[in-house]
Amino acid sequence: MIDLTTPIDVAIIGGGPSGLAAATTLKAAGVGRVVVLERETEAGGIPRHCGHPPFGAREFKRIYTGPAYARKLVQTALAAGVEINCLTTVVQARIGGELLLALPEGQQVINTRRVIYATGVRETPRSARLLGGMRLQGVVNTGALQSMVFLKHMRPFKRPVIVGTELVAISAVSTCAHAGIRPVAMVEPDPRPTARFPFTIYPRLKGVPLHLNTRPVAIHGNKTVSSLEVEDADGTRRHIDCDGVLLSGMFTPESTLGRMGHLEVDPATGGPVVDQFGRCSDPAYFAAGNLLRPVETAGWCWSEGRRTGARVADDLKGKLLKGVQTVPVSVQGPVLKYVMPQRLNLKVSRGKDVLQLRLNDIAKGQIIATSGGKTVGQWQVNSRKERRILLAISRLDQPAITGPVTLTFTPA
């Protein structure tokens, strides 16, 4: 059980890069008791499963493999005075910072001054991808593969097809190489890879053919996978012989706890609604990392965790204004996928605060912000699908904002 004789100032749900960075920053800012609640047997997050570089260049100025990077994050947090409680699941998050926990010893209720959600993301399972066929052995997602290979020393297949071209799919190629697995193909429904150059060169260097404009339709086999049926851009269907299917990417924020609780959740991102300080609809709660929007790198989440930790420290000291009127921010049209944060505190905006957007398609033109029928901001954009877009909030004409802010895309 967690010691309750000393009050808890901040509880952090999730012990990945963002949660550990926030915890370390809080201790550096002089916050008294900071407790990390991690449901796994060890803290460190997804990098624990990624037995390859590069991790840590931004954070520690050197390159680590994922497990070494995770250990470094944990060691840094512990050295700062952070308490890390593993095998601890938050069952309910209640108004004002009260948490119901499930521990090996039983249930426990703790009360905290502030809570930071840092529960990360999960990959979309086969069922949600509407991928047909029988339930067969050899169909896994990237996280499961990395766990099997690096933690359990298992090899679920020898000749899989990798579905998707996000950065995590490139990571999957490295994991396969480590385990002696030789993917027979990588398929992508879109005409271009999702990951940025030069990462997309890596599969070719490893001899993995890339099939663009190729949509997976069904998985075939008898008990185990024997082929993946795909459909090309012209509607032609064919089978790729394989003994496994690796489903990569299509991340969803791990926001079940928030959805079951009292926090407002954004249907576009799948994560909680926050202002530019990471503050949720209940001001006792903040959020950081991939929970806010899928998906960013470990280094990005670490940086975001640090910023959120600093803002929570300010909030505990009364430096983060309360009760300031916020305006909602949303996107409109088929090109813009979402915007985060979803609410803005205009009177306390800082120079480095940004709006983060993602795209559903290639976009070259202008993103225009309107409020009350007037243009209050505009930014040039030239980017591809799923790329991170950062718009400086300082570019908004804040005195002209009279109500909700809507972002739309106008092609060049």
Side-chain angles (χ1 to χ4, degrees), residues 14-21 36 38-60 62-77 84 86-87 118-126 137-184 186 195 199 202-203 205-208 225 242-251 254 289-290 294-302:
S18 60
L20 293 172
V36 172
E38 169 58 55
R39 67 183 180 183
E40 299 288 340
T41 56
E42 296 179 39
I46 290 176
R48 289 178 52 235
H49 306 167
C50 304
H52 55 77
F55 290 89
R58 178 186 311 191
E59 304 89 315
F60 304 115
R62 59 168 291 185
I63 300 299
Y64 292 90
T65 63
Y69 168 74
R71 288 192 295 270
K72 181 67 173 178
L73 289 174
V74 171
Q75 292 164 3
T76 303
I84 300 177
C86 295
L87 293 175
T119 47
V121 292
R122 53 184 171 82
E123 289 177 283
T124 300
R126 173 185 175 179
Q137 294 181 14
V139 182
V140 300
N141 61 32
T142 311
L145 173 69
Q146 291 172 333
S147 177
M148 289 177 183
V149 170
F150 294 115
L151 299 184
K152 301 173 184 176
H153 308 291
M154 297 171 57
R155 188 167 64 174
F157 36 53
K158 295 181 180 179
R159 302 173 54 256
V161 174
I162 299 175
V163 176
T165 55
E166 294 184 43
L167 191 58
V168 69
I170 312 302
S171 172
V173 175
S174 177
T175 300
C176 288
H178 175 86
I181 299 169
R182 296 182 176 275
V184 296
M186 177 179 282
F199 298 107
Y202 185 68
L205 293 177
K206 289 295 183 180
V208 181
V225 175
C242 59
D243 67 351
V245 176
L246 180 58
L247 303 173
S248 73
M250 291 184 67
F251 288 97
E254 186 57 86
N290 279 331
V295 60
E296 295 288 356
T297 63
W300 178 276
C301 293
W302 176 87

Completion exercise
dist Asn141:CG -> Thr124:OG1 (nearest 0.5 Å) comes out at 9.5 Å
Problem - For the student: nearest non-hydrogen atoms of His52 and Ser174, plus distance - result: CB-OG, 3.5 Å
Handout entry: Arg155 and Met148, any side-chain heavy atoms less than 4.5 Å apart
Key = no
Practice task
Go through the steps for Ile46 and Arg122 under the test side chain to side chain contact (heavy atoms under 4.5 Å, CB included), then give the verdict.
Solution key: CA-CA 10 Å; Ile46 290 176; Arg122 53 184 171 82; over 6 Å; no
Completion exercise
Scanning both residues in full, the closest heavy-atom pair of Ala169 with Gly164 reads CB-O, 3.3 Å
Problem - Under 3.5 Å: donor-acceptor pair, side chain of Asp243, backbone of Phe157 - result: no
Handout entry: Phe60 six-ring face occupied by Lys72 cation (under 6.0 Å, within 45°)
Key = yes
Exercise for the section: Quick one: do Val139 and Val225 satisfy side chain to side chain contact (heavy atoms under 4.5 Å, CB included)? Show the steps, please. Expected result: CA-CA 8 Å; Val139 182; Val225 175; 3.8 Å; yes
Practice task
Find out whether the Lys NZ or Arg CZ of Arg71 is both under 6.0 angstrom from the six-membered ring centre of Tyr69 and within 45° of the ring's axis.
Solution key: no
Exercise for the section: Verify whether one side chain among Thr142 and Glu166 offers a donor that lies under 3.5 Å from an acceptor in the other. Expected result: no
Practice task
Without swapping roles, check the side chain of Glu59 against the backbone of Trp302 for a donor-acceptor pair under 3.5 Å.
Solution key: no
Fill in the blank from the handout: Smallest heavy-atom separation, Pro67 atom then Gly51 atom, equals CD-CA, 3.7 Å
Handout entry: Heavy-atom pair with the smallest gap, counting every atom of Pro203 and Ile170
Key = CG-CD1, 3.7 Å
Exercise for the section: Could you tell me whether the side chain of Val184 reaches within less than 4.5 Å of the side chain of Val161, counting heavy atoms only? Expected result: yes
Problem - Audit row: Leu145, Cys176, side chain to side chain contact (heavy atoms under 4.5 Å, CB included) steps and yes/no - result: CA-CA 9 Å; Leu145 173 69; Cys176 288; 4.0 Å; yes
Exercise for the section: Walk me through it: do His49 and Thr175 pass the test side chain to side chain contact (heavy atoms under 4.5 Å, CB included)? Expected result: CA-CA 10 Å; His49 306 167; Thr175 300; over 6 Å; no
Problem - Check: Pro53 and Ile63 side chains under 4.5 Å, non-hydrogen atoms - result: yes
Handout entry: Smallest separation among heavy atoms of Met186 and Val173, with atom names
Key = CE-CG2, 3.6 Å
Problem - CG on Leu247 to CE on Met250, rounded to 0.5 Å - result: 9.0 Å
Handout entry: 4.5 Å side-chain heavy-atom contact, Val168 and Val295
Key = no
Handout entry: Heavy-atom check, side chain of Ser248 versus side chain of Val163, under 4.5 Å
Key = no
Exercise for the section: For the residue pair Val245 and Pro160, establish whether any side-chain heavy-atom pair is separated by less than 4.5 Å. Expected result: no
Handout entry: Within 6.0 Å of CZ in Arg182, more than 12 heavy atoms from elsewhere
Key = no
Problem - Leu167 vs Thr297 side-chain heavy atoms within contact, under 4.5 Å - result: yes
Practice task
Verify the neighbour count for atom OH of Tyr202: are there more than 12 heavy atoms of other residues, nucleotides or ligands below 6.0 Å?
Solution key: yes
Practice task
Please round to the nearest 0.5 Å and tell me the distance separating atom CD of Gln146 and atom CG of Leu151.
Solution key: 9.5 Å
Problem - Side chain proximity check, Cys50 to Thr65, heavy atoms < 4.5 angstrom - result: no
Exercise for the section: Output yes when a side-chain donor or acceptor of Thr119 lies under 3.5 Å from a complementary backbone atom of Glu254, and no otherwise. Expected result: yes
Exercise for the section: Please report the shortest heavy-atom distance between Gly289 and Cys301, naming the atom on each side. Expected result: CA-SG, 4.0 Å
Handout entry: Sidechain-backbone polar pair: Glu38 side chain, Glu40 backbone, donor-acceptor under 3.5 Å
Key = yes
